[in-house]
Amino acid sequence: MDELRGKVALVAGASRAAGRAVAVELGRRGATVYATGRTTREQRSEMGRPETIEETAELVTAAGGTGIAVRVDHLVPDEVSALVMRIEREQGRLDMLVNDVWGGDRYMEFEKKLWEHSLDGGLRMMRLGIDTHAITSHFALPLLIRRPGGLVIEMTDGTTEFNVNYRADAGYFYDLVKVSVQRMALAQSEELRPYGGTAVALTPGWLRSEAMLEHFGVTEENWRDATDNEPHFVISESPTLVGRAAAALAADPDVSRWSGQTLSSGHAATVYGFTDADGSRPDAWRYMEEVQSKDKPADATGYR
């Protein structure tokens, strides 16, 4: 699978979870991937997680691509500008931008009203989840549009249908960030169209990220043990599923059919015919949408 050999991707926010998986799966198809983030082997970000961009780059190379780790704070315009200039200098092109910068988990206060939530934490969440994406696209798109066929993927949380409903537990700030990212994909799709480019929002389902596995006290090898206490965890997915979704979009010559839309990893798996690492094909958002509708109860697998 070398459909992306010769293509250059920037995965902004590739230290762990979905960003790491996207970078690896692009590499598996032969791409050169710049994996950026704030956590390196020498210094961690405010999230305090141990995963690093160097590890991600090594995984990309091991998968068959070329991984290049660059420490970048995507809230600092000069650092992002320098990154894009480096990509231009070293590669002369940019075919794909994945805006996956987040880092706002530590600022989430579940079941808190706007006036109860820490204002500093909420505004920091918005800076990390919205401003980073806008800054990165501002500098990266002029290089991306030099060739027709450029692709921007905005990583979000929730499908268009699911996000019609307010996330009462997650609250004002988180909901605003994730819905804004969907809108950013729509706006960029309009601006890229005259240059033959496409922008799509992509959401994983219930992601078995490193932090989520730790929360449940399990590993990727024994994650099903967590369903003893949380039965709905059965519809979770490994980061590989959304990574394969991004790679399928990047390799699709007709990717413009999704322009401006929000696509879920589960739906993409059905359309493109891929599976999660264990051969399953979970579709968490379809399950949650069915539960929300309350028309007919869904079972724990999301299927009736």
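None of these values were measured; they are calculated from a predicted model. All values below were derived from every heavy atom in this structure, side-chain atoms included, with hydrogens, water molecules and symmetry-related copies excluded.
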Checklist outcome for this item: In short, Ser15 meets Gly37 closest at the heavy-atom pair OG-CA, 4.0 Å
Item to check | Distance-only side-chain donor-acceptor flag, Gln182 / Thr156, under 3.5 Å | outcome: no
Checklist entry - Same hydrophobic cluster for Val218 and Trp206, using side-chain heavy-atom links shorter than 4.5 Å among ILVMFWY? => result yes
Checklist entry - Under a 4.0 Å N-O cut-off, is there an ion pair linking Lys113 with Glu116? => result no
Checklist entry - Looking at Val60, Val70, Val72, Ile53, which hits side-chain contact (heavy atoms from CB on, under 4.5 Å) with Tyr34? => result Val70
Checklist entry - Does the side-chain contact (heavy atoms from CB on, under 4.5 Å) test come out yes or no for Asp157 and Trp285, once each step is laid out? => result CA-CA 10 Å; Asp157 182 23; Trp285 293 111; 3.1 Å; yes
Item to check | Any Phe139 side-chain heavy atom under 4.5 Å of Pro77 side chain | outcome: yes
Item to check | Distance, nearest 0.5 Å, that separates CG of Leu249 from CZ of Arg244 | outcome: 14.5 Å
Checklist entry - Between Asp73 and Arg71, which heavy-atom pair has the shortest distance, and what is it? => result N-NH1, 4.2 Å
Checklist entry - Do the side chains of Asn99 and Met184 get nearer than 4.5 Å, heavy atoms only? => result no
Next on the checklist: Any donor-acceptor pair under 3.5 Å linking the side-chain atoms of Tyr272 with those of Asp252?
Outcome noted: yes
Next on the checklist: Quick check on Tyr195: does its OH atom have over 12 non-hydrogen neighbours (other residues, nucleotides or ligands) under 6.0 Å away?
Outcome noted: no
Checklist entry - Out of curiosity, does Ile153 fall in the hydrophobic cluster containing Val101 (side-chain heavy atoms, cut-off under 4.5 Å, transitive links)? => result no
Checklist entry - For Val33 and Thr66, what are the C-alpha separation, side-chain angles and deciding distance, and is it a side-chain contact (heavy atoms from CB on, under 4.5 Å)? => result CA-CA 6 Å; Val33 182; Thr66 301; over 6 Å; no
Checklist entry - What distance do Leu192 atom CG and Leu97 atom CG have between them, rounded to the nearest 0.5 Å? => result 9.5 Å
Next on the checklist: For Tyr287 and His232, take the angle between the two ring planes, folded into 0 to 90°, and tell me which bin it lands in: parallel under 30, tilted 30 to 60, perpendicular over 60.
Outcome noted: tilted
Checklist entry - Between Val179 and Met126, is there a shared hydrophobic cluster once you connect ILVMFWY residues whose side-chain heavy atoms come closer than 4.5 Å? => result no
Next on the checklist: Please tell me whether Asn222 and Thr219 have a donor and an acceptor in their side chains that are separated by less than 3.5 angstrom.
Outcome noted: yes
Item to check | Close aromatic pair by centroid cut-off 6.0 Å: Tyr172 and His117 | outcome: no
Item to check | Side chain to side chain, Glu214 and Arg49, heavy atoms closer than 4.5 Å | outcome: yes
Checklist entry - Sub-3.5 Å donor-acceptor pair from the side chain of Thr39 to the main-chain atoms of Arg44, do we have one? => result no
Next on the checklist: For Leu75 and Asp131: C-alpha separation, side-chain torsions, deciding distance, then whether side-chain contact (heavy atoms from CB on, under 4.5 Å) applies.
Outcome noted: CA-CA 7 Å; Leu75 276 175; Asp131 291 13; 3.7 Å; yes
Item to check | Test item: Arg38 and Glu79 side chains (from C-beta on) under 4.5 Å apart, heavy atoms | outcome: no
Checklist entry - Taking atom types as modelled and ignoring hydrogens, do the side chains of Ser280 and Asp278 form a donor-acceptor contact shorter than 3.5 angstrom? => result yes
Item to check | salt bridge (charged side-chain N to carboxylate O under 4.0 Å, His left out) assessment of Asp283 paired with Arg281 | outcome: CA-CA 7 Å; Asp283 193 345; Arg281 193 175 284 164; over 6 Å; no
Checklist entry - What is the minimum heavy-atom distance between Phe274 and Ala268, and which atoms define it? => result CE2-O, 3.5 Å
Item to check | His138/Ile135 under side-chain contact (heavy atoms from CB on, under 4.5 Å): CA gap, chis, key distance, verdict | outcome: CA-CA 5 Å; His138 173 83; Ile135 291 168; 5.6 Å; no
Checklist entry - For His133 and Glu154, does a side-chain donor sit closer than 3.5 Å to a side-chain acceptor? => result yes
Next on the checklist: Tell me the closest heavy-atom pair linking Ala199 and Ser189, and the distance in Å.
Outcome noted: CB-N, 3.5 Å
Checklist entry - If only atom types and distance count, is the side chain of Asp100 paired as donor or acceptor with the main-chain N or O of Met155 below 3.5 Å? => result no
Next on the checklist: Could you tell me if the side chain of Thr61 sits less than 4.5 Å from the side chain of Glu58, heavy atoms only?
Outcome noted: no
Checklist entry - Honestly curious: do Leu202 and Val11 fall in one hydrophobic cluster under the side-chain, below-4.5 Å linking rule? => result yes
Checklist entry - Could you give the distance from CG (Leu10) to CG (Leu83), rounded to the nearest 0.5 Å? => result 5.5 Å
Checklist entry - Are any of the side-chain nitrogens in Asp169 or Arg167 under 4.0 Å away from the carboxylate oxygens of its partner? => result no
Next on the checklist: Here's a test for you: under salt bridge (charged side-chain N to carboxylate O under 4.0 Å, His left out), which of Arg127, Arg124, Arg106 qualifies with Glu46?
Outcome noted: Arg124
Checklist entry - Do we see a donor-acceptor contact under 3.5 Å between the side chains of Ser137 and Gln188? => result yes
Item to check | Nearest-0.5 Å distance, CG of residue Leu151 to OG of residue Ser259 | outcome: 9.0 Å
Checklist entry - What is the distance from atom CG of Leu123 to atom CG of Leu128, rounded to the nearest 0.5 Å? => result 11.0 Å
Item to check | Interatomic distance, Phe216 atom CZ to Arg208 atom CZ [nearest 0.5 angstrom] | outcome: 11.0 Å
Checklist entry - Centres of the Trp102 and Tyr174 rings: under 6.0 Å? => result yes
Checklist entry - Applying salt bridge (charged side-chain N to carboxylate O under 4.0 Å, His left out), which residue pairs with at least one partner in residues 15-24 are found, sequence neighbours left out? => result Arg16-Glu51, Arg20-Glu55
Item to check | Flag for Asp276-Thr240: side-chain donor and acceptor within less than 3.5 Å | outcome: no
Next on the checklist: Could you see if Met108 belongs to whatever hydrophobic cluster contains Leu114? Use Ile, Leu, Val, Met, Phe, Trp, Tyr and a side-chain cutoff under 4.5 Å.
Outcome noted: yes
Checklist entry - Is the backbone N or O of Phe162 less than 3.5 Å from a side-chain atom of Thr159, with the two atoms forming a donor-acceptor pair by type? => result yes
Checklist entry - Just wondering, do Glu237 and Pro204 contact through their side chains at under 4.5 Å, heavy atoms? => result yes
Checklist entry - Counting distance only, does the side-chain N/O of Thr56 pair as donor-acceptor with the main-chain N or O of Ala14 below 3.5 Å? => result yes
Checklist outcome for this item: Residues Ala269 and Leu241: closest non-hydrogen pair is CB-CD1, 4.2 Å
Checklist entry - Is the backbone of Ser118 close enough, under 3.5 Å, to the side chain of Glu109 for a donor and an acceptor to pair up by distance? => result yes
Checklist entry - What is the minimum heavy-atom distance between Thr36 and Ala12, and which atoms define it? => result OG1-CA, 3.2 Å
Checklist entry - Any side-chain heavy atom of Lys7 sitting closer than 4.5 Å to one from Met96? => result no
Checklist entry - If we only count heavy atoms from C-beta on, is the Trp258 to Thr198 side-chain gap below 4.5 Å? => result no
